[in-house]
Each structure stands twice: as structure tokens, then as C-alpha cells.
Q: 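Attaching a single structure in C-alpha cells format; questions to follow.
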2 protein chains.
Amino acid sequence: MNIVFDKIITIFHRSVNNQYDPDCSLPNKSASSVRQKCRFMKEKKEDRRISRTRKLMHEALMSLIMEKGYEDITVQDILDRADAGRSTFYAHYRDKDELLLSSFEHLRDLFEQQQQALFASRNTGQDPEVNIILELFRHTGEHHKLYKAIAGKKSGEMILKYLHRYLKNLLIVPVAKLMKSRKSPPVPIEITTHYLVSSLISLITWWLDNNMPYSAEKMDEIFRILTTSSIEAAFGNNKEINGYDIFSNRHPEGSVKAFYSNFIDRNCCPEQ
Amino acid sequence: MNIVFDKIITIFHRSVNNQYDPDCSLPNKSASSVRQKCRFMKEKKEDRRISRTRKLMHEALMSLIMEKGYEDITVQDILDRADAGRSTFYAHYRDKDELLLSSFEHLRDLFEQQQQALFASRNTGQDPEVNIILELFRHTGEHHKLYKAIAGKKSGEMILKYLHRYLKNLLIVPVAKLMKSRKSPPVPIEITTHYLVSSLISLITWWLDNNMPYSAEKMDEIFRILTTSSIEAAFGNNKEINGYDIFSNRHPEGSVKAFYSNFIDRNCCPEQ
DNA sequence: TCGATAATGAACATTGTGTTCGATAAAATA
DNA sequence: TATTTTATCGAACACAATGTTCATTATCGA
């Protein structure tokens with residue numbers, strides 16, 4: 001019943017390593033933080049004071065967000081809680097937003113590391129069995145206090161935009177591949193991907209706003225119920241099922257491990 | 001093919017007058033502006049100076065938004081362009097956001113007036129033939145400069161939230177009615193309405209962000225393609241089509257005109 | 001014309017931002 | 001350990017924008 005969607009998930013898993021939009025990592029500002037992370041990964045050296053300071057800032061921001069929400073936090077608040085000097089903050093981040101984004105990247109990394117571990121544990125030489133959507137709901141649920149304090153607020157827009165781009169980035173290649181086999185789909189490809197991502201995000205935010213009255217599993221099920229038929233309709237009737245044969249179920253080249261080692265690398269140092 | 005959706009639209013038309021969430025009008029702040037509008041509608045008297053000032057502020061804000069976007073506008077900018085005194089501004093609005101919301105209500109009123117006119121002109125004694133979704137796209141297209149300058153920005157969140165509540169308000173009753181005929185729909189009612197509204201808004205913002213590459217008609221069609229099957233799936237299989245018979249096509253009591261006179265009234269003075 | 005009321009604009013207090021710089025502390029390095 | 005390098009500190013500062021106050025002036029409705 002959900003073949004169409006499962007197919008997309010599979011291909012989306014598979015092709016995630018083939019492209020990486022550098023712009024996805026951060027909206028526009030903090031190329032600095034990315035660069036610092038790169039330096040760290042490459043040279044394996046970083047002044048302890050730096051990591052200590054950044055860690056303190058992170059923790060301060062996170063705890064403050066959960067207390068009073070992002071909007072009401074002032075730089076001084078962060079400084080007080082982190083017990084750091086004013087100039088220190090500005091030596092690391094351009095402004096409050098950059099710190100928030102940087103913290104958010106941490107969460108993203110955490111999520112991807114978890115996924116990778118999960119994936120490795122389930123790897124039986126076959127294609128991945130990990131349901132990304134479900135895992136995404138689980139991850140959101142685990143950190144619901146944080147996400148709730150951010151999403152829906154004014155500045156949540158920034159984060160949601162970021163999330164949108166991130167997810168879209170993961171979806172656009174597989175969807176485009178599937179679409180290519182269709183002559184002229186009734187709904188343009190870009191719209192379909194945008195629609196899917198928006199749907200997912202809307203369910204996540206609803207879930208958070210309403211104090212997660214259902215399990216992550218239920219939300220995953222709901223998402224599938226709502227979008228599966230949309231995808232089918234977007235492809236046009238049912239003929240596209242033949243098109244799927246182009247994509248075999250086996251991983252084309254190399255092992256899944258090799259695939260996922262790429263997956264990890266892509267989280268650091270996008271060439272720009 | 002689109003019977004399900006058309007049914008919803010129809011019932012949604014019909015029941016729009018039966019409820020009005022006062023909270024929908026404005027997030028939390030400007031109860032003042034609402035009150036002023038009410039006074040204006042009821043007593044038919046308002047100092048010319050007041051309306052003149054408010055009009056100037058509106059126009060200043062709108063032109064500034066289209067020039068530099070909402071974020072970069074300062075109160076002083078508005079004052080300069082409107083050629084008004086600082087204290088005058090604060091006598092009318094709590095802050096910039098309140099002015100924006102107030103301006104937005106103007107747009108909403110405009111939209112609803114247009115709808116009402118359109119509806120009256122097509123009223124042949126039958127049920128309405130107006131496609132709200134299409135009209136919404138048209139209206140957005142007409143004012144695309146404004147909407148584009150707002151949506152997607154940080155503060156656009158506020159407006160989008162507003163729009164979300166507004167549309168949801170229109171949808172929730174008809175959807176709930178339809179749902180009631182089902183024993184236990186696979187997707188909870190609130191999620192379905194939230195999902196539908198989010199989908200609509202996501203298409204609108206995509207349309208704006210990409211400089212409206214398709215006609216409003218095409219977007220309306222796309223929306224239907226994507227959501228029709230979702231609605232069907234949310235109801236559960238196809239049995240619900242029988243449930244529709246509960247709702248006759250005729251307006252239960254009174255004429256359509258009577259219905260729409262209610263529709264107009266509800267835009268003013270929600271009891272609170 | 002007159003009483004009421006809205007607009008004016010300058011002055012002000014306040015808050016938060018982002019920068020600068022010499023002194024200090026703590027790392028890395030040899 | 002001694003030396004060099006580098007991060008942190010913190011107070012001071014300039015600045016931008018907010019929102020308030022109030023005596024004065026202009027404009028309105030009747």
C-alpha cells in the first residue's frame with residue numbers, strides 16, 4: 001500500500017550522499033562557525049578554552065530558551081549564565097541568532113549520529129531499514145522542550161526555514177529521480193518536494209504545539225496516510241509504478257557502510 | 001473526482017457564519033484597533049484626523065515594506081514618510097507589529113468584500129459557486145508585492161500564524177461535521193484541518209517565493225490534486241462518500257443573501 | 001464660535017547592541 | 001620549565017531604536 005512512499009524513502013536514503021548544498025548548512029551568516037568546525041575536524045587541534053567557552057554558551061542558551069523562550073533572551077543573559085565576558089561572546093558569534101543556529105547544528109549532528117548508529121546496528125548487508133520519518137519524530141520528541149521553545153516563535157521562522165531546507169535537500173534528489181521517469185507529471189517536481197517537506201514540518205509543529213498527544217509511531221503513520229496518496233496523485237494516476245523498476249532494491253556500488261561513511265563526512269566541511 | 005473536496009468547500013461556505021473565534025481577529029495585542037473599528041461601524045462617527053492619520057500610517061508602512069522589507073523598517077521611517085509626529089504613532093498603535101496586523105486586517109477585509117461581491121453577482125438562488133481557494137490565490141497574486149515582502153521574513157511568522165488561524169477557523173467546522181459521520185477516522189480531525197491549512201499556506205508561500213511561475217488557476221488545480229486524496233485517506237477508505245448525504249445541497253434555512261449578511265457582520269465586533 | 005480632542009515635537013529615560021583595548025590568565029610549544 | 005602565543009576579561013564607549021511625557025498648537029464636530 002505504501003510502496004510509492006517507501007520507494008521514495010529508500011531512494012532518498014541511497015542518494016543522500018550524492019549531493020550536498022553548501023547553502024543548506026547555514027542561511028548566510030556563520031560561515032565562521034562552519035569553518036571552525038572544519039579546522040577542528042581536520043587539524044585535530046583546538047584550544048581548550050575555545051571549546052569550553054562555546055560549550056558554556058550553548059548550555060546557557062539552551063537552558064535560557066527552556067526558561068523564557070528565545071525571544072526574551074538578551075546577550076547579557078547568556079553572558080551571566082555562562083559566566084563569560086561580553087567581548088568573548090562577540091569573538092565567537094556575530095549575534096544571538098548565530099549562536100542559536102550553531103546550537104541547532106549540534107542537534108542536527110546528534111540526530112545524524114544517532115541515525116548512523118541505528119543504521120549500523122541494523123545493517124544486515126541489505127538496504128537500510130531505518131524509517132527516517134519516524135526517527136525524526138522520535139528525535140523531536142526527545143528534545144521537545146527545546147524545539148517547543150523555539151518553533152512557533154518569531155525567530156522560529158529562521159529555524160524552520162533551516163529545517164525546511166535541510167529536509168528538502170534530502171528529498172529533492174530522490175523525488176527528481178522518480179519524476180524523471182514520468183513524461184509530464186501533473187504537479188511540478190519542485191512543488192511536490194516543497195509540499196512534502198511542508199507537510200512534515202506542519203505535523204511536527206502541530207505535535208509540539210499540542211504537547212505530543214500521540215506517539216511518534218502514530219504521527220509517522222498519520223504522515224504516511226496523508227501524504228502517500230498525495231505523492232501518487234502528484235505523479236499522475238498509477239502508471240508510474242512501472243517506472244520504479246529502474247531503481248533496483250540493491251545498493252548499486254559499494255556497501256551500505258561505505259555509503260554511510262560518506263553520509264558522515266558530508267556533515268563537515270562542505271566545499272565553498 | 002473532486003467531490004470530496006468540493007463537498008468540504010461547500011459546507012465550509014455554508015457554515016462559516018455559525019462560529020467565530022474572537023481570538024482569530026488578532027493574536028493578543030491590538031484589541032484597541034478592533035474596538036476602534038467597532039466604534040466606527042456602529043456610531044458611524046470618527047474624527048477625520050484619526051482616519052487620516054491611520055491611513056497615512058498604513059500607506060507609509062506598505063510602501064516601506066515593498067521597498068526594504070518589514071524587518072528593516074523603523075518607527076522613525078514610518079513617521080518620516082507619513083509626515084507624522086512620534087507621539088501620534090504611539091497614540092494609535094502599541095508598536096510596529098500592531099500597525100502591521102492592522103494593515104493586514106485591511107487586506108483581509110478587502111478580500112472578504114471582494115468575495116462577497118463576487119458571491120452576490122453569481123448568486124442565482126442556488127448554493128455558492130465561488131471557489132475560495134482559487135480566489136485566495138488570485139487575491140494573493142494581486143497583492144503579491146506586499147505578501148512577498150512579509151512572508152518568509154522573521155516577522156512573517158506572525159502574519160502566517162494569523163493567516164493559519166484565519167483559514168483554520170473557516171475549515172474546522174465543515175471538516176468536523178464531515179468527520180462526525182465517521183466512526184473513528186484514521187487521522188484525528190484537528191490534524192486533518194491543520195494539515196490542510198498548512199498545505200495551502202505552503203503552496204502560497206512557494207508561489208510567492210518563486211515569483212508566481214504558474215497562474216492562480218494552475219495553483220488551485222495543484223492544491224486539489226495534492227490534497228483531495230489526502231482528505232479521502234484521512235476519512236478512511238471511501239465509505240464516507242455516503243456520509244455526505246446528510247448535508248443537503250440546499251441552504252437549510254433562509255436565503256444565501258441572509259447567510260452572507262451574517263458573513264459580513266462577523267468581520268466586525270466579535271463579542272469579547 | 002466654542003469646547004473637545006487630536007496632532008505636534010522636543011526632551012527624556014531606557015534598553016540592548018556591538019566595538020575597542022590594555023591587562024590578565026591559560027593554553028600550546030620547544 | 002621557560003617562552004610564546006592566544007583566549008579571556010571587563011569596563012568604557014558610541015550608537016540605534018524604543019516608548020513616554022507634556023505643554024503647545026491645530027483641527028474637528030456641533
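When reading the values below, keep in mind they use all heavy atoms of this one structure, side chains included, and skip hydrogens, waters and symmetry mates. None of these values were measured; they are calculated from a predicted model. Throughout, protein chains are lettered first and strands after them, A, B, ... in sequence-line order, and every chain is numbered starting at 1.
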Q: To the side chain of A/Asp95, which of C/dG18, C/dT8, D/dT6 is closest?
A: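 The listed nucleotide nearest to A/Asp95's side chain is C/dG18.
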Q: Would you call A/Lys68 and A/Asp77 a salt bridge, taking side-chain N to carboxylate O under 4.0 Å as the test?
A: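 Salt bridge flag = yes for A/Asp77 with A/Lys68.
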Q: State whether B/Lys55 and B/Glu59 are salt-bridged, where the test is any N-O pair (Lys NZ or Arg NE/NH1/NH2 against Asp/Glu carboxylate O) under 4.0 Å.
A: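 So B/Lys55 pairs with B/Glu59 through a salt bridge.
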Q: DNA chain D: A/Gly85 or B/Ile73, which has the more 5' nearest nucleotide?
A: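 Final value for this comparison: A/Gly85.
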Q: Rounding to a whole Å, what distance do you find between A/Glu98:CD and C/dT17:P?
A: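 In whole Å, C/dT17 P lies 15 Å from A/Glu98 CD.
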Q: Applying the side-chain contact (heavy atoms from CB on, under 4.5 Å) test to A/Gln114, which of A/Glu142, A/Glu135, A/Arg138 qualifies?
A: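 It is A/Glu142; the other options fail the test.
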Q: Closest approach to the side chain of A/Arg49, judged atom by atom: which nucleotide of D/dC22, C/dA6, C/dA25 is it?
A: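 Nearest to the side-chain atoms of A/Arg49, counting from C-beta on, is C/dA25.
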Q: Rounding to an integer number of Å, can you tell me how far B/Phe89 CZ sits from D/dA17 C1'?
A: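 So the CZ-C1' distance, B/Phe89 to D/dA17, works out to 12 Å.
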Q: For the pair made of CG in A/Asp97 and P in C/dT17, what is the distance, rounded to whole Å?
A: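 Distance, rounded to whole Å: 11 Å.
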Q: Taking atom P of C/dT8 as reference, at what distance in whole Å does atom CD of B/Gln76 sit?
A: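 Result: 12 Å.
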Q: Pick out which of B/Phe223, B/Phe111, B/Trp207 makes a ring-ring contact (aromatic ring centres under 6.0 Å, His included) with B/Phe137.
A: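 It is B/Trp207; the other options fail the test.
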Q: Quick one: is B/Tyr90 getting a side-chain N or O under 4.0 Å of the D/dG19 phosphate, OP1 or OP2?
A: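 Answer yes for this pair, as a side-chain N or O of B/Tyr90 is under 4.0 Å from OP1 or OP2.
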Q: Roughly what angle, to 10°, lies between the helix axis at the start of the helix from C/dT1-D/dA30 to C/dA30-D/dT1 and the one at its end, five pairs per end?
A: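 Inter-axis angle at the ends, rounded: 40°.
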Q: May I have the distance from B/Glu71 (atom CD) to D/dT18 (atom P), rounded to whole angstrom?
A: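 Whole-Å distance recorded here is 12 Å.
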Q: Under 6.0 Å from the ring centre and within 45 degrees of the ring axis: does the NZ or CZ of B/Lys96 meet both conditions for the six-membered ring of B/Tyr70?
A: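 Ring-cation test returns yes.
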Q: Is any N or O donor-acceptor pair between the side chain of A/Thr74 and the base of C/dG16 shorter than 3.5 Å?
A: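 A donor-acceptor contact between them is absent.
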Q: Below 4.0 angstrom from OP1 or OP2 of D/dT8, is there any side-chain N or O of A/Thr53?
A: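 Checking D/dT8 against A/Thr53, a side-chain N or O does come within under 4.0 Å of OP1 or OP2.
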Q: Is there a side-chain contact between B/Met219 and B/Leu134, using heavy atoms and a 4.5 Å cut-off?
A: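 Heavy-atom side-chain distance check fails, nothing below 4.5 Å.
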Q: Could you check if a side-chain atom of B/Gln115 sits within less than 4.5 angstrom of a side-chain atom of B/His139, using non-hydrogen atoms only?
A: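 Result no, sub-4.5 Å side-chain heavy-atom pair not found.
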Q: D/dG29 phosphate, OP1 or OP2: any side-chain N/O from B/Arg48 under 4.0 angstrom?
A: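 Yes.
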Q: Measure CZ/A/Arg86 against P/C/dT20 and give the value in whole Å, please.
A: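 For the pair A/Arg86 CZ and C/dT20 P, the rounded distance is 14 Å.
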Q: Quick one: label A/Asp83 by what it contacts on the DNA or RNA (base, sugar-phosphate, nothing), any heavy atom closer than 4.0 Å.
A: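 Counting heavy atoms under 4.0 Å across all strands, the contact made by A/Asp83 is with sugar-phosphate only.
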Q: Can you tell me if B/Thr88 touches the phosphate of C/dA6, counting only side-chain N or O atoms and a distance under 4.0 Å to OP1 or OP2?
A: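 For C/dA6, OP1/OP2 do not have a side-chain N/O of B/Thr88 under 4.0 Å.
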Q: Return the value, rounded to whole Å, for the distance between atom CZ of A/Arg52 and atom P of C/dA26.
A: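 Distance check: A/Arg52 CZ to C/dA26 P gives 9 Å.
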Q: Which heavy-atom pair separates A/Ile50 from A/Glu46 by the least distance, and what is that distance?
A: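 For A/Ile50 versus A/Glu46, the nearest heavy atoms are CG2-OE2, 3.7 Å.
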Q: Remember a base hit wins even if backbone is also touched, and classify A/Asp72 as base, sugar-phosphate or nothing at under 4.0 Å, heavy atoms.
A: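 Result for A/Asp72 = nothing.
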Q: Just N and O in the side chain of A/His92: are any of them under 4.0 Å from OP1 or OP2 of D/dA7?
A: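 No.
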Q: In whole Å, I'd like the distance from the CZ atom of B/Arg94 to the P atom of D/dA17.
A: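 Going from B/Arg94 (CZ) to D/dA17 (P), I get 22 Å.
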